[in-house]
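Here's the structure, in structure tokens; my notes come after.
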2 protein chains.
Amino acid sequence: MTAAGRTGISARRARRRRHNHPVFKPTVEDIAVAAGVSTATVSRVLNKPDSVSQFLRDKVRAEVTRLGYLPSGAARALASNRSHTAGAVIPTLNNAIFATAVAAFEAALTNNGYTMLVTVSSYDHIHEIAHVRRLIERGVDALMLVGLDHHDDVWRLIESSKCPAVAIWGHQDNPPIPCLGFDNAAATCGVVDHLVGLGHRRVGMVAGVTEGNDRARARRQGVEETLRRHGLVCTSRRFVEKPYSHQDGRDGLSELLAHGEPPTAIVCGNDVLAMGVMFEARDRGLSIPGDLSVVGFDNLPITEHLSPALTTIDVPSAAIGTATAEAILHHLADGTPIASRVFPAPFLLRQTTAAPA
Amino acid sequence: MTAAGRTGISARRARRRRHNHPVFKPTVEDIAVAAGVSTATVSRVLNKPDSVSQFLRDKVRAEVTRLGYLPSGAARALASNRSHTAGAVIPTLNNAIFATAVAAFEAALTNNGYTMLVTVSSYDHIHEIAHVRRLIERGVDALMLVGLDHHDDVWRLIESSKCPAVAIWGHQDNPPIPCLGFDNAAATCGVVDHLVGLGHRRVGMVAGVTEGNDRARARRQGVEETLRRHGLVCTSRRFVEKPYSHQDGRDGLSELLAHGEPPTAIVCGNDVLAMGVMFEARDRGLSIPGDLSVVGFDNLPITEHLSPALTTIDVPSAAIGTATAEAILHHLADGTPIASRVFPAPFLLRQTTAAPA
DNA sequence: TTGAAAGCGCTAACAA
DNA sequence: TTGTTAGCGCTTTCAA
């Protein structure tokens, strides 16, 4: 170590000591001085300990704990161009199924030294642009989005920043970014096949809002196409779209029932809407599945406890969250490309469907 | 601008262009050169636009959009010692009530230019230490924790980093850090008063796990103390503690019913356990509230739709999340101290309680 | 109002 | 294996 170097360091520390007296936060330099090594060695002990001799490693580590050293993520990120954070942009946290996916995503990240930044888009494509921009500015090493319906600016931002991004929940051939999800359309397709097989000819749907939501759209299309394939009526009055609340489900049923020739079976865009339908049916004295068959989507934990237990589609939310994190982590570790993946979303036959009366 | 300065800048840009060819990410320097101003001016336009002349401001802004400039959060944070991020450490995201609070917290942060980092502690105090450390390393400007039960190391970390922290959900006199929550004990206290007023003498509880969880503990203590105050039996066999699932609620009821002189009313640590109790009662042919009174805690959206509708405590989760973010934001903006606050958690009398048979 | 320049704390070539 | 040193991209005095 040169005399100049030493002087520089002392000067710095002295200054810091004087200025920031209230909080003394040791830096690599402080550790280096205390352990009698260079800052490079301290950095090595922190990042690739195997490249440092046992002796110095222990010495440095001792000083790290003695001084309560905490590396500065900002400095680290700036110097290494890696923040060890990943971002998630989700439509809402008030949907248990997304919360579960996010939780699984976070768990896998945390286990690997990464931290998750999350922002909620509220299904608003315009706001989402700002969210994505902000996450990229924050330097996230990767991004998780929901679905493939996004504003052009979002794609541009991802493209120009070269930030690895993956879309979850959906499925599509040749997606612009890797996709880890399931086939929403195929799922509701199977539901309708089941219903028709039971003898239903008048099938309705309380769908989620499909505008700007490719998952909801796919679920609705699955129902429509299958109905047509079976040669059944598929008019718009058999379809209502509703946001995400139990009351919306109730309203949905009320509207469907308002027309002549009401449906004998109702496919729902998600379990919350399905439960709303069940509640409304109950209050109207309609028995399920006797008077009305109902099918949900998501397999929320509560649905199996309902009476009758809700027939639904099991969405592998935790598996998707975990797999997404792992794919990202691999990619970041050694460049492994992130591969799209289609998860099974099995039909769970329970007690809310039966042959029409 | 000196010739030396210009040369330095050109040299840098040229180097960057050559090296990172695949991704060209403009920096303040690029903007400065393009707009014919200094980097200081670019920085000013970005951070305190009013201190720059209209002319230069427009010029810089034009270049910013033209070149698609995104500031580097890491560099910003390193230079300014402010990351414009806040951290949240929560026990779980799979509890709708926490998810709601986190969502509200995030919304308020995002509206003010901040980004949220979240980690899930899984109710593990040891893991929580690492999570808090990591968030502080990431440079969060503030921290939100749940409750006041934390490992000493967590307090030490907060203390030595001087990172502003606030605890939510609980309530305590002279807390070590500001507390935005409600009186958990007072709430269950009111519940027991109600039940006793109805004539119940044998009151049981399916509590959440109280170990390391001050909220669950307060709720249990509220029940125990009130029972004693009324001179009623309060033995341990009237209390079971369970994790957070419907099945746990079912198991809780089964255990309570297994003893002679089973309770005629059951107070639950949360709505999920309460619903589990209701499901189990239904399957056993017990009518609610005829044979058994049940009270929950949280006021999950679904509870009002159940039949009978669940009597519960309304937890102001969104209000807490929002208020916490706002308090933090104020503090960060102008040093306003963060004040503890007790929110009302009103008793919601619905249909699951009645006089004992 | 604007610019020059010194860092913020760390990593990563490059040298030794 | 270890040290030297030049930045990473920005903010922020200090001068002008």
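Predicted, not measured: the structure shown is a model, and the values here were computed from it. We name chains A, B, ... by the order of the sequence lines, and we start the count at 1 in each one.
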So which pairs with a foot in residues 113-138 of chain B pass salt bridge (charged side-chain N to carboxylate O under 4.0 Å, His left out), sequence neighbours left out? none
Do any of residues 73-85 of chain A sit with a heavy atom less than 4.0 Å from DNA chain C, and if so which? A:A75, A:R76, A:A79, A:S80
Output every pair passing salt bridge (charged side-chain N to carboxylate O under 4.0 Å, His left out) with a member in residues 59-77 of chain A, not counting sequence neighbours, ordered by first then second residue. A:E63-A:R66
Which residues pass the side chain to side chain contact (heavy atoms under 4.5 Å, CB included) test with B:A327, sequence neighbours left out? B:I338
Sequence neighbours left out, what passes side-chain hydrogen bond (donor to acceptor under 3.5 Å, both in side chains) with B:R156? Give chain and number order. B:D153
By side chain to side chain contact (heavy atoms under 4.5 Å, CB included), A:P164 pairs with (sequence neighbours left out) A:A142, A:H331, A:L332
I'd like to check the side-chain hydrogen bond (donor to acceptor under 3.5 Å, both in side chains) partners of B:S340; sequence neighbours left out, ordered by chain and number. none
Counting the atoms with a prime plus P, OP1 and OP2 as sugar-phosphate, which does A:V42 contact under 4.0 Å by heavy atoms, base, sugar-phosphate, or nothing? nothing
Would you tabulate the side-chain donor-acceptor contacts of residues 101-114 of chain B under 3.5 Å, counting partners in other chains and residues two or more places apart, or write 'none'?
residue : atom : partner : partner atom : Å
B:E106  : OE1  : A:V120  : N            : 3.4
B:E106  : OE2  : A:V120  : N            : 3.3
B:E106  : OE2  : B:T110  : OG1          : 2.5
B:T110  : OG1  : B:E106  : O            : 3.1
B:N111  : ND2  : B:A107  : O            : 3.2
B:N112  : ND2  : B:A108  : O            : 2.7

Any B:S43 side-chain nitrogen or oxygen under 4.0 Å from OP1 or OP2 of D:dT11: yes
Listed once per pair and sorted, the salt bridge (charged side-chain N to carboxylate O under 4.0 Å, His left out) pairs that draw on residues 41-55 of chain B, sequence neighbours left out: none
Over 60° means perpendicular and under 30° means parallel, so tell me whether B:H150 and B:W155 are parallel, tilted or perpendicular. perpendicular
Net bend of the helix from C:dT1-D:dA16 to C:dA16-D:dT1, end axes of five pairs each, nearest 10 degrees: 30°
Are OP1 or OP2 of D:dG3 and a side-chain N or O of A:S38 less than 4.0 angstrom apart? yes
Can you pull out the residues from residues 55-63 of chain B that lie within a 4.0 Å heavy-atom distance of DNA chain C? B:L56
Applying side-chain hydrogen bond (donor to acceptor under 3.5 Å, both in side chains), can you list everything that pairs with B:S122, at least two apart in sequence or on another chain? none
